[in-house]
*Asks:* 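I'd like to ask you about the structure that follows.
Note that the structure is predicted; figures quoted are calculated from it, not measured. Atoms within each ligand, like the ligands themselves, are counted from 1 in listed order. Both backbone and side-chain heavy atoms feed into the values below; hydrogens, waters and symmetry mates do not.
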Amino acid sequence: MKEKLLNESFDLNYSEIKGKISIAALKSGRTYEDITLLGAVKTVSPELINYSVEKGIRVIGDNRVQELISKEADVTKNVEKHFIGHLQTNKVKDIVGRVNLIESVDSIKLAEAISKQSKKLNITTEILLEVNIGSEESKSGFAPEQLMENIEKISKIEAIKIKGLMAIPPICDDNSQNREYFLKMHQLFIDIRDKKMDNVSMDILSMGMSDDYETAIECGSTQVRIGTLLYGTRNYNTIKEI
Ligand SMILES: *Cc1c(COP(=O)(O)O)cnc(C)c1O
């Protein structure tokens, strides 16, 4: 009964979000197919994750190493996995080889650690660079004005490949302020793409969450990361007790 309710509410959320993504994509001269909807699955049960994949979610993202590992055996292999949270260098060995993309590379030191572990496993790991677009003390990520020089350095590191940029803009009360940050991110994305650097392809611009994904898409986001709006409020543990 509980599971049926969760699934039904997922269906409703998913179809509403798909419609809104389509409209926002059209406003930026694109279509639904140009946008990736990543399911941000923190605290979501493996059952509901698997149901969402059955219904069409192709990419999921975890932001906690421990949770990703503990759910791994129960989550379908039939889905692309991203790591989207802050990654400590001492946890790199637990993540490299486990996910298809690490979205939240926020320092050269972390890029080097990912490289080292990738070489050990004889693989290349794809990454995004996280940009602290609002220059907030509390947030990690590269400062926008230092992004270019850091990209040049990271692009020379072996066994990793830069696929794009990711950002979590400051929490804003009004959408016009958000828009400024998203547009600034899009400009950085375009500027870097135009440089055509070796080992750097600007394919993914990951920005936009439950509260601001439509604005993000209108400003050029290629991937939105949605948790609460898609899966419901975060209550994996409490749901189990109902
Ligand atoms: C949780 C999370 C999201 C999704 O947030 P919602 O507001 O629930 O949509 C997106 N990105 C990251 C990095 C997250 O940790």
Side-chain angles (χ1 to χ4, degrees), residues 6 9-10 12-21 24 35-46 48-49 52-53 57-71 75 79-88 91-92 94-95 98-107 110 114 126-134 136 138-142 163-175 177-178 181-182 185 204-219 221-239:
L6 284 174
S9 87
F10 171 85
L12 287 171
N13 296 342
Y14 188 34
S15 74
E16 186 175 336
I17 293 167
K18 280 197 280 192
K20 289 187 172 166
I21 288 178
I35 312 297
T36 302
L37 167 54
L38 173 148
V41 294
K42 56 173 159 271
T43 74
V44 179
S45 72
L48 185 55
I49 295 173
S52 74
V53 173
I57 295 292
R58 297 204 184 89
V59 185
I60 57 171
D62 268 289
N63 67 321
R64 294 190 198 111
V65 176
Q66 209 42 55
E67 189 179 327
L68 183 150
I69 294 172
S70 69
K71 288 197 290 202
V75 170
V79 67
E80 189 175 313
K81 283 187 182 174
H82 294 186
F83 190 75
I84 60 176
H86 180 64
L87 183 57
Q88 290 167 293
K91 300 266 175 68
V92 162
D94 298 321
I95 289 299
R98 261 206 171 93
V99 298
N100 304 86
L101 181 71
I102 300 175
E103 295 203 9
S104 35
V105 175
D106 55 9
S107 70
L110 178 58
I114 294 169
E126 299 191 331
I127 61 169
L128 305 184
L129 299 187
E130 182 170 355
V131 182
N132 186 358
I133 195 65
E136 294 170 282
S138 61
K139 284 213 180 107
S140 43
F142 293 99
K163 298 292 284 180
L165 305 177
M166 180 266 216
I168 307 171
I171 296 164
C172 301
D173 294 332
D174 79 283
N175 256 342
Q177 211 183 345
N178 255 343
Y181 291 118
F182 290 139
M185 277 302 299
I204 303 172
L205 179 56
S206 174
M207 58 184 193
M209 316 197 330
S210 288
D211 291 332
D212 54 16
Y213 69 100
E214 294 164 270
T215 312
I217 293 169
E218 287 169 26
C219 298
S221 167
T222 73
Q223 179 191 271
V224 291
R225 308 176 308 266
I226 302 184
T228 353
L229 210 59
L230 190 56
Y231 294 103
T233 42
R234 297 180 184 118
N235 47 6
Y236 177 27
N237 296 318
T238 49
I239 281 172

*Asks:* Please identify which atoms of ligand 1 are closer than 4.0 Å to at least one heavy atom of N63.
*Replies:* 15 (O)

*Asks:* Can you list the atoms of ligand 1 that are under 4.0 Å from a heavy atom of A40?
*Replies:* 3 (C), 4 (C)

*Asks:* Can a donor-acceptor pair be found between the side chains of E80 and H82 at a distance below 3.5 Å?
*Replies:* yes

*Asks:* Using heavy atoms and a threshold below 4.0 Å, how should the contact between E103 and ligand 1 be classified: side chain, backbone, both, or neither?
*Replies:*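 Under 4.0 Å from ligand 1, E103 contributes no heavy atoms.
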
*Asks:* Can you tell me if CD1 on I69 sees more than 12 non-hydrogen neighbours from other groups inside 6.0 Å?
*Replies:*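 Atom CD1 in I69 is packed in, count exceeds 12.
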
*Asks:* Apply the side-chain contact (heavy atoms from CB on, under 4.5 Å) test between I17 and each candidate in V224, L12, I226; give the one that qualifies.
*Replies:* I226

*Asks:* Can you sort out which atoms of ligand 1 are near T228, meaning under 4.0 Å from one of its heavy atoms?
*Replies:*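 Per the distance check, 6 (P), 7 (O), 8 (O), 9 (O).
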
*Asks:* Compute the minimum heavy-atom distance from I84 to ligand 1 and say whether it is under 4.0 Å.
*Replies:*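 Judged by the 4.0 Å heavy-atom criterion, I84 does count as contacting ligand 1.
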
*Asks:* If we check side-chain contact (heavy atoms from CB on, under 4.5 Å) with V41, which of these qualifies: V79, V75, I60?
*Replies:*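 Answer after filtering V79, V75, I60: I60.
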
*Asks:* Does a donor on one side chain sit under 3.5 Å from an acceptor on the other, for S206 and Q223?
*Replies:*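 Present: a donor and an acceptor within the cut-off.
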
*Asks:* Please identify each residue that fulfils salt bridge (Lys or Arg N to Asp or Glu O under 4.0 Å) with K20, with sequence neighbours left out.
*Replies:*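 If we apply the salt bridge (Lys or Arg N to Asp or Glu O under 4.0 Å) test to K20, skipping adjacent residues, the hits are E16.
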
*Asks:* Which of the atoms of ligand 1 are close to I226, meaning less than 4.0 Å from one of its heavy atoms?
*Replies:*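 Atoms satisfying the 4.0 Å criterion: 9 (O).
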
*Asks:* Only heavy atoms of G227, strictly under 4.0 Å: list the atoms of ligand 1 that pass.
*Replies:* 4 (C), 6 (P), 8 (O), 9 (O)

